[in-house]
Amino acid sequence: MIYSRIAGTGSYLPEQIVSNADLEKLVDTTDEWIASRTGIRERRKAAEGETTGDLAFHASTRALEAAGVAASEIELIVLGTTTPDIIFPSTACLLQHRLGANGCAAFDVNAACSGFMYALGVADQFVRSGQVKKALVVGAETLTRMLDYSDRSTCVLFGDGAGAVVLEASSEPGILTTRLHADGGYKHLLYNPVGVSAGFRHDEPNAGVRVMMTGNEVFKVAVKTLDRMVGETLNAAGMAEKDVDWLIPHQANLRIIEATAKRLKLPMERVIVTVDRHGNTSSGSVPLALDEAVRSGKVQRGQNLLLEAFGGGFTWASALLRY
Ligand code: COA
């Protein structure tokens, strides 16, 4: 039996920090409102000219180094993003060339905030099937590029960042299960209306290139859906709540994270939280949290990790793995 296991992790955050106090100067909001409703205190913002591909490159270089794997050994790159550098080539192709991994398969996955989890699920199948032995899986975003800094309901939530993992074929687990889901019927609650085929300019009032979100509705569906997915993931791996050592969740809102932890009967000390410092980095959030947990020494080899994400689409996905 072939498993894919995480051989190394890496992440990268842009330098500029945007605090809640900075946002108080732009919109009618307060540090108190943002912190109490979301748990966010600050987030990062990419510099002018700094792209998703740049963040992905730095995160990937660190993951390759941690894994002790050369870029030329990588046979597959799957990159989750909803903010690609350009329409085409894919950010995965741009990254591949910059890393010097030319020739291997490389493609982007757009599953909004579940992008990294989808990318991990796809890459896991390639490794399990024996088609590739080493894969690079990335989640990278510059969400601040599509924020409207006059809309307080969205601009306080998101930040920029990237994370990456190197997957390696192994006879030992490894990723035990990945679960990927979507329901396009929820498009109206969370979307960006601008696109190539629908038109670069949109005639919806106040649309523009921006995140359109009915936050409180998204919140309710996210909590319910993640609750369901936790059960499904444990069942698929033949595990119970007590077998999970760490929850590494998507970092959108501390209250959503707490609800999932409660479902898992895990104390918050067993949950990796970065939302306070990173905000919601969409596809970047889970691998950023994972890398932080690994580098800080919290997550140890042999422990069981539950990773999950929920985002626009709606999409939702999880992985249960032995690190
Ligand atoms: N500062 C101050 N007030 C704000 C605000 C801000 N930044 N943003 C919204 N408000 C106001 C609203 O206008 C509303 O005012 P009203 O009662 O006078 O109409 C009030 O706060 C409550 O708004 P509501 O949207 O019901 O708040 P909430 O408790 O649901 O929190 C979110 C809003 C967005 C933080 C929360 O719903 C959330 O996190 N949703 C999920 C978002 C998410 O996960 N998205 C990505 C999925 S990957």
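For the numbers below, each heavy atom of this structure counts, side chains included, while hydrogens, waters and symmetry mates do not. Numbering of residues begins at 1 and proceeds along the displayed sequence. Read the numbers this way: they start at 1 and go in the same order the structure lists the ligands and their atoms.
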Exercise. What are the two closest heavy atoms between Ile248 and Ala289, and how far apart are they?
Worked result: CG2-CB, 3.8 Å

For this session: Just jot down the ligand 1 atoms closer than 4.0 angstrom to any heavy atom of Asn280, in number order.
Result: 46 (C), 48 (S)

Exercise. Within a distance of under 4.0 Å, is there any protein heavy atom near atom 16 (P) of ligand 1?
Worked result: no

Problem set entry | Heavy-atom donor-acceptor pair, Asp108 side chain to Gly80 backbone, under 3.5 Å | no

Exercise. Of the protein's non-hydrogen atoms, which lies at the shortest distance from atom 39 (O) of ligand 1, and what is that distance?
Worked result: Asn253 ND2, 2.7 Å

Problem set entry | Minimum non-hydrogen distance to atom 37 (O) of ligand 1, winning option of Gly215, Ser36, Ser283 | Gly215

For this session: Quick one: closest heavy-atom pair of Ala46 and Thr142, and the distance?
Result: CB-CG2, 3.9 Å

For this session: Using atom types as modelled and distance alone, determine if a side-chain donor or acceptor of Arg179 lies under 3.5 Å from a backbone N or O of Ser318.
Result: no

For this session: Within a distance under 4.0 Å of any heavy atom of Cys113, pick out the atoms of ligand 1 and give their elements.
Result: 48 (S)

Problem set entry | Test item: Asn253 side-chain N/O and Arg37 main-chain N/O as donor-acceptor pair under 3.5 Å | yes

Exercise. Of all the atoms in ligand 1, which lie at a distance below 4.0 Å from a heavy atom belonging to Gly311?
Worked result: 48 (S)

Problem set entry | Shared hydrophobic cluster for Val286 and Leu120 (ILVMFWY, side-chain gaps under 4.5 Å) | yes

Exercise. What protein heavy atom is closest to atom 47 (C) of ligand 1, reported as residue, atom name and distance in Å?
Worked result: Leu190 CD2, 3.8 Å

For this session: Run the numbers for me: atoms of ligand 1, each under 4.0 Å from some heavy atom of Met213, listed by number.
Result: 42 (C), 45 (N)

Exercise. Any protein heavy atom sitting closer than 4.0 Å to atom 32 (C) of ligand 1?
Worked result: no

Exercise. Taking the minimum heavy-atom distance to atom 2 (C) of ligand 1, which of Phe314, Trp33, Phe310, Phe158 ranks first?
Worked result: Trp33

For this session: Establish, yes or no, whether the cationic atom of Lys45 lies under 6.0 Å from the six-membered ring centre of Tyr149 and within 45° of the ring axis.
Result: yes

For this session: Applying side chain to side chain contact (heavy atoms under 4.5 Å, CB included), run through Glu308 and Val230 and close with a yes or a no.
Result: CA-CA 8 Å; Glu308 49 84 348; Val230 162; 5.6 Å; no

Exercise. Which atoms from ligand 1 have a heavy atom of His250 less than 4.0 Å away?
Worked result: 48 (S)

Seminar exercise, completed: On a heavy-atom basis, the closest approach of Thr52 and Thr83 is OG1-O, 2.6 Å

Exercise. Under a heavy-atom criterion of less than 4.0 Å, does Ala222 contact ligand 1?
Worked result: no

For this session: For ligand 1, note which part of Thr29 has a heavy atom under 4.0 Å away: side chain, backbone, both or neither.
Result: both

For this session: Starting from atom 24 (P) of ligand 1, locate the nearest protein heavy atom and write down its residue, its atom name and how far away it is, to 0.1 Å.
Result: Asn216 ND2, 4.1 Å

For this session: Any atoms of ligand 1 less than 4.0 Å from a non-hydrogen atom of Ala252? List them with their elements.
Result: 44 (O)

Problem set entry | Contact bool for atom 28 (P) of ligand 1 (protein heavy atom, d < 4.0 Å) | yes

For this session: Mind running side chain to side chain contact (heavy atoms under 4.5 Å, CB included) on Val294 and Tyr323 for me, showing each step along the way?
Result: CA-CA 10 Å; Val294 167; Tyr323 177 66; 3.4 Å; yes

Exercise. Arg37 heavy atoms, cut-off 4.0 Å: which ligand 1 atoms fall inside?
Worked result: 22 (C), 27 (O), 28 (P), 29 (O)

Seminar exercise, completed: closest protein heavy atom to atom 13 (O) of ligand 1 is Arg152 NH2, 3.0 Å

Problem set entry | Heavy-atom protein neighbour under 4.0 angstrom from atom 8 (N) of ligand 1 | yes

For this session: Look at atom 20 (C) of ligand 1 and say whether a protein heavy atom is found at less than 4.0 angstrom from it.
Result: no

For this session: Answer yes if the side chains of Glu141 and Thr281 hold a donor-acceptor pair under 3.5 Å, and no otherwise.
Result: no

For this session: May I ask you to identify, for Thr38, whether its side chain, its backbone, both or neither come under 4.0 Å of ligand 1 on a heavy-atom basis?
Result: side chain

For this session: Taking atom types as modelled, find out whether Thr81 and Ser283 have a side-chain donor-acceptor pair closer than 3.5 angstrom.
Result: no

